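Working notes for the structure below.
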Amino acid sequence: MDPKFLYQEMILDHNKKPRNFGKLDDATHRAEGLNPLCGDHIWVALKVDAETIGAIAFEGHSCAICKASASMMTAAVKGKPIATAEALVEEFRQMVTVGMHATPSPALARLTAFAGIKDLPSRVKCAVLPWHTLDAALHQTANATTEGDADPAASGRH
Amino acid sequence: MNAPAVGPMTPSASTLDIARIRADFPILSAVTVNGKPLVYLDNGASAQMPRQVIDRLVRYHTHEHANIHRGVHYLSETATNAYETARKTVQRFLNAKEDREIIFTANVTDSINLVAHSYGGAFLSAGDEVVITHLEHHANIVPWQMLRDEKGVKLRVAPINDAGEVILEEYEKLFNARTKFVSITHVSNALGTINPVKAMIDIAHRHGVPIMIDGAQAVQHMTVDVQALECDFYAFTGHKLYGPTGIGVLYGKAALLEKMRPHRGGGDMILSVTFEKTTYNTIPFKFEAGTPQIAQAIQLAAAIDYVNAIGLTSIAQHEQALLSYATERINSLGGVRIYGEAKHKSAVISFYVGDVHPHDVGTLLNGEGVAVRTGHHCAQPVMQRFGIPATARASFAFYNTFEEVDALVTAISKVQKLFD
Ligand SMILES: Cc1ncc(COP(=O)(O)O)c(C=O)c1O
């Protein structure tokens with residue numbers, strides 16, 4: 001695949017001006033995500049109230065794909081019920097590992113910009129790391145990593 | 001191919017017939033990437049193989065294969081002969097005194113582990129110190145850390161300066177009465193620094209300490225003479241020398257190898273076995289338990305023959321010309337930081353484009369057909385030294401051309417524009 005299909009305006013823009021980037025002082029949920037192979041290292045923090053993600057922020061160092069994915073993810077789940085966010089996590093993972101569903105849910109919206117990454121296997125982890133980390137934060141499990149057993153995408157999903 | 005060189009030195013005419021050389025490497029023309037010609041600049045990770053070396057495998061399996069050292073039949077003798085001739089080829093390549101000082105291993109990692117285990121295991125004890133440098137590949141760090149955890153030896157690390165050179169005075173200061181072994185890289189895979197190994201070997205010996213050199217990034221670029229260097233061990237790996245994967249070499253001075261215990265037991269490494277007692281074979285066989293990589297050792301010898309036919313002097317000349325041309329052109333782009341500015345450098349350029357993450361650079365360069373390595377290059381301490389998670393690294397071989405440097409530079413400038 002020509003990577004230029006991936007590095008489009010929108011992704012470059014979110015990389016340059018990430019949304020919801022920074023700390024969240026009164027967070028109720030947090031998780032750290034690490035991609036040991038390429039060094040992407042992010043933190044996702046949430047403020048959950050009445051089963052709804054009232055606030056979300058991320059910080060850290062990462063490649064453009066990871067940063068844009070995190071930025072667009074935070075924009076997509078902010079203000080949404082946890083159940084909706086969880087469904088979106090699943091749909092995003094499916095899209096970048098298995099492929100896009102024939103009828104993607106409207107919630108996926110602009111995130112379909114990442115669909116092409118399926119053809120760049122070495123970069124899938126970059127796009128999916130924020131979503132693993134969000135998932136870990138929601139479940140307050142151990143931290144997310146894209147290596148080994150802790151990789152939710154590795155457990156029979158692809 | 002691309003924009004002509006602006007400003008910087010004109011590429012000096014090479015003494016090598018690069019077009020003819022490239023024709024020996026089928027993969028260079030067989031592969032296109034994203035519809036573009038392959039520009040292979042990841043030779044430091046693994047080099048490509050010329051037809052002569054590929055064909056050697058076919059010839060071996062068509063005419064010569066059997067197990068070695070154990071049959072009186074024709075094929076076993078043929079294979080044994082080819083395998084032992086390969087050992088002599090390696091001996092001459094390193095100018096070792098005797099062929100029994102050459103041990104075939106799986107790769108340089110295996111060679112280093114052999115020494116850590118067989119020498120370290122026998123002669124180092126708690127409190128003893130092993131000296132390495134800040135430039136090491138993980139392959140020359142982790143085996144010593146394992147020994148540290150197992151035996152309580154200490155690891156001492158010689159620091160590097162901002163150019164990526166080992167600070168010799170600091171290196172020498174590490175030596176004391178407890179220093180029992182030194183293991184250093186000849187050439188840094190992450191930065192290209194060529195260490196002053198002769199001086200470092202002499203310092204170790206002045207303190208009565210044996211020293212091993214990791215030559216994984218050296219033997220393909222320069223002539224190595226282990227007798228002139230006087231190093232105690234020297235290791236390298238086949239696949240970076242235009243040979244196959246699965247084969248490596250450990251050179252060791254006979255007197256040391258003889259004192260060391262074998263690291264693995266099995267067939268071929270024994271003289272006699274009863275249930276009460278086993279008598280180990282002589283060197284090098286003591287360290288080659290089980291059926292070795294016969295075909296790969298023979299292919300490695302073919303790769304050495306190929307390199308020798310071109311000549312390491314001409315190779316170094318061409319690669320150095322590529323290095324200066326690429327360095328000048330990349331610097332002239334502005335906004336690209338090169339890591340590793342040693343005075344003596346092999347043809348490796350580790351770089352960072354603005355604040356674009358190296359993985360994005362690698363993916364976009366690949367889109368232009370340009371293969372570079374991105375990441376920490378299995379040398380995380382080097383990255384930590386410079387406060388970066390990773391770099392993109394272009395590493396050149398003698399078959400690379402000035403036009404390929406141009407393609408690299410054009411691809412980098414496209415990245416700059418995209419992330420502008
Ligand atoms: C300096 C150095 N040492 C050791 C190694 C490990 O080589 P191998 O994986 O063939 O054992 C490499 C290769 O990446 C290297 O560059």
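Order of the sequence lines fixes the chain letters, A, B, ..., with proteins taken first and strands second; residue numbering starts at 1 for each chain. Predicted, not measured: the structure shown is a model, and the values here were computed from it.
- The contact between I65(A) and chain B is made by backbone and side chain atoms together, counting heavy-atom distances below 4.5 Å.
- R393(B) pairs with exactly one of L191(B), V372(B), D42(B) by the side-chain contact (heavy atoms from CB on, under 4.5 Å) rule, that one being D42(B).
- Residue K67(A): no heavy atom, backbone or side chain, is found under 4.5 Å from chain B.
- Using a 4.5 Å cut-off between heavy atoms, S122(A) makes no contact with chain B at all.
- A salt bridge links R19(A) with D13(A): the closest approach of a Lys/Arg side-chain nitrogen to an acidic carboxylate oxygen falls below 4.0 angstrom.
- H14(A) and S71(A) share a side-chain donor-acceptor pair at under 3.5 Å.
- Between E404(B) and R22(B) there is a salt bridge, with a side-chain nitrogen of the basic residue lying less than 4.0 Å from a carboxylate oxygen of the acidic one.
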